[in-house]
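Every value quoted in this text rests on a predicted model; they were computed, and no experiment measured them.
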Amino acid sequence: MHEKDIKLVEDSLKKYYFDHSDLVRTPADPEKREFGYQKFNSGMNRHISLKSDRELHLLLLTQSPSDVYCSNARYLFPNLPMAEKEWQDAELIFDIDSKDLHLPCRAGHTIKKCTSCTNITNQDKCPQCNSTKFETTSVLCKDCILAAKGEVKKLISILESDLGIKENIQVYFSGNEGFHIHVTNSNYEKLDSRQRAELVDYLMFKGVIPETFGARQSNFGKSMFPDIDESGWPGRISKQIFGSKSNKTKISRQIISDGYVALKKKLEEIQSQLGVQLDPNVTIDVHRIFRLGGTINSKSGLAKTLCKDLSRFNPASDSCFIDDDEVTVLADCPVEFKLKNKKFGPYKKERVSIPKYAAIYMICKGCASLTEFITPRH
Ligand SMILES: [Zn+2]
Ligand SMILES: [Zn+2]
């Protein structure tokens, strides 16, 4: 990112942290957490200990970080190197990213930057140098956010019904294109990585085969199907296959006549419909530092925001805190995007005067600059 652009973004972030310090809080037991932050065009600073909101706010205003992170784990000595920290436990965290859902609309809101000549395009081949290697980034899309919300709802429903986690589930918009789910005060905080991997497999409904439901290839005709009212996956699967109890006899007869291979295929389809599409690595890694709630995500200039009402939450307005002052930038953004109920783009290497929040969004996406030259962001 160009220095002039960094200055504009850093000043805007600083203003946000000054005006909205109430939205940026340390989690419970801050003294046991590891904090970390990044600055624009520079590496990660980790193993930081902060004891209070006051210390956190001081860091935000003096260091001008581009991104701020905090561990979900608690340690006896959070500021020592990893091997000496003495891990105590870690809250459950989940990351649901609309990029991982691979919706067909994706191509329409993806920006590709040629890695050899930095030209920006949305075509398959760089029109300037014919290269096919690109760095990609994408802008907010209503349909992708809606689909990600659907995954969040699936996750919460399984956490509640199968794991008995009734309260203490907080959903945050990630600040870019997904959601972060934090579970505090649960009985699962002592789980190690391996156990968390098992939990992830369960939530994603991985590795399901007909045998899981007593349907063996050798005695397929006699296989039993679980009841719709059964708890956990057996019940969810029955509901998905049979729809209602009254259909069960008819449909199970059909499944038996279709045979083992057909049932196996059907279960695979059900896995992608009913299993939660989440990023396993985030949940499995118990030493991670994770984006801190309320802080700005430098991939977009939007804030990681607590969603009080997930269904009505609209990231394009509810997470956009940068002001409306007019800024003139050189924009090269081949796709349209919407922020604060206003449409922007597409722009083809043109000078445009737009509200600062939209300028910063594009600068963060690497497709606008205050200067003549757009420099690629690494
Ligand atoms: Zn090129
Ligand atoms: Zn989309």
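Of the possible polar contacts, one joining the K85 side chain to the P78 backbone as a donor-acceptor pair under 3.5 Å is found. A donor-acceptor pair under 3.5 Å is absent between the side-chain atoms of T371 and the main chain of S369, judged by distance alone. In terms of modelled atom types and a separation under 3.5 Å, the side chain of S319 and the main chain of T305 share no donor-acceptor contact. Between the N176 side chain and the S300 main chain, no donor and acceptor come within less than 3.5 Å of each other. Using a distance-only test at 3.5 Å, with no hydrogens or angles considered, no donor-acceptor pair links the side chain of D332 to the main chain of C367. Of the possible polar contacts, none joining the Y37 side chain to the I48 backbone as a donor-acceptor pair under 3.5 Å is found. When atom types are taken as modelled, the side chain of E160 and the backbone of S157 share no donor-acceptor pair closer than 3.5 angstrom. The main-chain N or O of D285 is never found under 3.5 Å from a side-chain atom of R196 such that the two would form a donor-acceptor pair. Listed for the S353 side chain is no donor-acceptor partner under 3.5 Å among the backbone atoms of T328.
No hydrogens or angles considered: a donor-acceptor pair under 3.5 Å links the side chains of K153 and S311. In this structure, a donor-acceptor pair under 3.5 Å is absent between the side chains of S138 and T110.
Shown here is K239, whose NZ atom has no more than 12 heavy atoms of other residues, nucleotides or ligands within 6.0 Å. The environment of CD in E167 is sparse: at most 12 heavy-atom neighbours from other residues, nucleotides or ligands sit within 6.0 Å. Atom CG of D325 is surrounded by more than 12 heavy atoms from other residues, nucleotides or ligands within 6.0 Å. Around NZ of K264, the count of heavy atoms belonging to other residues, nucleotides or ligands within 6.0 Å does not exceed 12. Enclosure of atom CG in D22 by more than 12 non-hydrogen atoms of other residues, nucleotides or ligands within 6.0 angstrom is indicated. Counted within 6.0 Å of NZ on K166, heavy atoms from surrounding residues, nucleotides or ligands total more than 12; the atom is thus considered enclosed. Dense packing is recorded around CD of E268, with more than 12 heavy atoms of other residues, nucleotides or ligands lying under 6.0 Å away.
Tracing side-chain contacts under 4.5 Å through hydrophobic residues (I, L, V, M, F, W, Y), one never reaches V282 starting from L163; they form parts of separate clusters. Connection of F18 to Y16 is established within a shared hydrophobic cluster, with ILVMFWY side chains joined at heavy-atom distances below 4.5 Å, either directly or through further cluster members. The hydrophobic cluster containing I145 does not contain L101, counting ILVMFWY residues as joined when their side-chain heavy atoms lie under 4.5 angstrom apart, directly or transitively. Under the 4.5 Å side-chain heavy-atom criterion for Ile, Leu, Val, Met, Phe, Trp and Tyr, L140 and I96 are members of the same hydrophobic cluster.
Taking 4.0 Å as the cut-off between side-chain N and carboxylate O, D318 and R312 do not count as a salt-bridged pair. Between K340 and D324 there is a salt bridge, with a side-chain nitrogen of the basic residue lying less than 4.0 Å from a carboxylate oxygen of the acidic one. For the pair K154 and E151, the salt-bridge criterion is met [side-chain N within less than 4.0 Å of a carboxylate O]. Using a 4.0 Å cut-off between charged nitrogen and carboxylate oxygen, E3 and K7 do not count as a salt-bridge pair. A salt bridge does not link K356 with D11: every distance from a Lys NZ or Arg NE/NH1/NH2 to an Asp or Glu carboxylate oxygen is 4.0 Å or more.
Taken to the nearest 0.5 Å, the OG atom of S71 stands 8.5 Å off from the CD atom of E91. To the nearest 0.5 Å, atoms OG1 (T132) and NZ (K112) are separated by 9.5 Å. Note that CG of N72 is 11.5 Å distant from OG1 of T184, once rounded to the nearest 0.5 Å. Note that OG1 of T295 is 7.0 Å distant from NZ of K304, once rounded to the nearest 0.5 Å.
The ring pair (Phe, Tyr, Trp, His ring centres under 6.0 Å) with F337 is formed by just one residue from the set Y357, Y347, Y361; it is Y361. When each of Q38, R33, R46 is checked for a side chain to side chain donor-acceptor pair (under 3.5 Å) with Y69, only Q38 meets the rule. Considering F94, Y172, F290 in turn, F290 is the only one that fulfils the ring pair (Phe, Tyr, Trp, His ring centres under 6.0 Å) rule with H180. Evaluated for a side-chain contact (heavy atoms from CB on, under 4.5 Å) with F40, the options D67, I6, D5 yield exactly one hit, I6. Applying salt bridge (charged side-chain N to carboxylate O under 4.0 Å, His left out) to E177 and the options R106, K142, K299, K149 leaves one that passes, R106.
Classification of the W87-H287 ring pair by plane angle, with boundaries at 30° and 60°, yields perpendicular.
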